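The structure under discussion appears below in the form of structure tokens.
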Amino acid sequence: MAVEAPEGVRIPVWLDVDTGHDDAYALLLAAHDSRTELLGVSTVHGNAPLEQTTYNTRSILEALGRRDVRVHPGSAKPTSRSAVHAADIHGVSGLDGVTLLPEPVQPAIEDVSFLDAMYHALATTPANTAWLISTGTLTNIGLLFQKYPYLAVHIKGLSIMGGAIGGGFTDAPMGKVKGEGERFGNLTAFAEFNVRIISCDPEAAQSIFTNPILAPKTTLIPLDVTHQVLGTAEVRHGLLYGYDPRAITSGAKPSPVRALFTQILSFFAHTYAEVFALTSGPPLHDPLAVAAAIEPETFNDVGGERFLVDIVTKGVHAADKASVGELGRTKVTKLPMGQPGVRIPRGLDVTRFWYLTELALRSADATTPMAEVSWGKLREGGVV
Ligand code: RIB
Ligand code: CA
């Protein structure tokens, strides 16, 4: 059953999110894995504008029965450019297609600087224990280490979902947009969304991937890995009914949390089939950054390889993808064995990941977060 932390010691984590469909699963894992202590959440521009990603985050935490977790709105745009959002993937709200979201009760924290809140929460943990986990654009993260460089020494690690490497880094299916050739990015043919946006922030990219203290503590989970974890119809059914083989015959009704998270994954599945022709199921990007912090051993890097990471920051930052060139491309150089650098796994135990997700849903079920959802609402929401 539950996976216990060694001798009960919890892993302090802080999440920085741009809550869209896959960020919701990152919040699920961070809020309900039995080994984590979720210190707080900061929000950032990305999938949708900041006020929307903040609302979505508060609503998901409400659904998870974790209104105790404080949400701190962060940056509304990259430090020196305009924001670009992902309405084509997540819809205008960032969580389109989801009718079962509860109204959040806990207000966002506006009276304290989000950077100070992040610093205080992380700096007051025991040295070398806390993980900072980024599942959105990297603007907040870059600003944090610029204002508080010492944190790079104090924390155990930084886990980032972002980047797209390509060139056979893994053999994950990357999908294809009509009329394009090789694609390994999802924002442009070369650039992945979270890192692409940060390439509008060259300072942030440089201060993270080339920081001599931070880089060896950083795990980067690129699309090349996340596209190995697909929310297939079988996975969605399993998570909806808690892998109960009698679910259909017994007429069991899914719990409100499971109904909500299945609805989230179903919308994402539709988007990936439509936009990237990935019809077997959507890659669930963001929770992998959480899993990589909680259970690094579930991810495999070939023989402990480490990398130098460089983001292509030349090119016109523009919403029209045609004029962007290779802006935002993640270029990696494998380092000689033993030389410290960024950890970029090439794969993971996918079954183990879905098991952790199931355990987190069981924990969320045990917390009484949401009112019973009627069959009518479930059907209306397209869950059953
Ligand atoms: O490219 C995928 C990443 O960009 C995910 O974090 C998704 O939520 C978006 O932020
Ligand atoms: Ca995200």
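First listed ligand is number 1; within each ligand, the first listed atom is number 1. Note that the structure is predicted; figures quoted are calculated from it, not measured.
For D23 and T135, the side-chain atoms include at least one donor-acceptor pair closer than 3.5 Å. Side-chain contact check for T99 and Q263: at least one donor-acceptor pair (N or O, by modelled atom type) lies under 3.5 Å. Y355 and D349 share no donor-acceptor pair across their side chains, judged by distance under 3.5 Å alone.
No close placement of the F209 and F307 rings is indicated, their centers lying 6.0 Å or farther apart.
With ligand atoms numbered from 1 in the order given, ligand 1 contributes 2 (C) to contacts under 4.0 Å with heavy atoms of H285. Residue-ligand proximity, M161 to ligand 1, at heavy-atom distances under 4.0 Å covers atoms 2 (C), 3 (C), 5 (C), 6 (O). Each of the following atoms of ligand 1 lies closer than 4.0 Å to a heavy atom of N47: 7 (C), 8 (O), 9 (C), 10 (O).
For residue D22, no N/O/S atom approaches the Ca ion (ligand 2) to within less than 3.0 Å. Inclusion of T135 in the first shell of the Ca ion (ligand 2) is supported: an N, O or S atom falls under 3.0 Å.
The distance from the CG atom of L361 to the OG atom of S255 is 7.0 Å, given to the nearest 0.5 Å. With rounding to the nearest 0.5 angstrom, the NE2 atom of H32 is 10.0 Å from the CG atom of L27.
With a 4.0 Å cut-off on non-hydrogen atoms, T135 touches ligand 1 through its backbone and not its side chain.
When you scan the N, O or S atoms of D18 for the one nearest the Ca ion (ligand 2), you land on OD1. Looking at D286, its N, O or S atom nearest to the Ca ion (ligand 2) turns out to be OD2.
Residues H90 and F267 form no side-chain contact, since every pair of their non-hydrogen atoms from C-beta on lies 4.5 Å or further apart.
At a 3.5 angstrom cut-off on N or O pairs, D23 counts as close to ligand 1.
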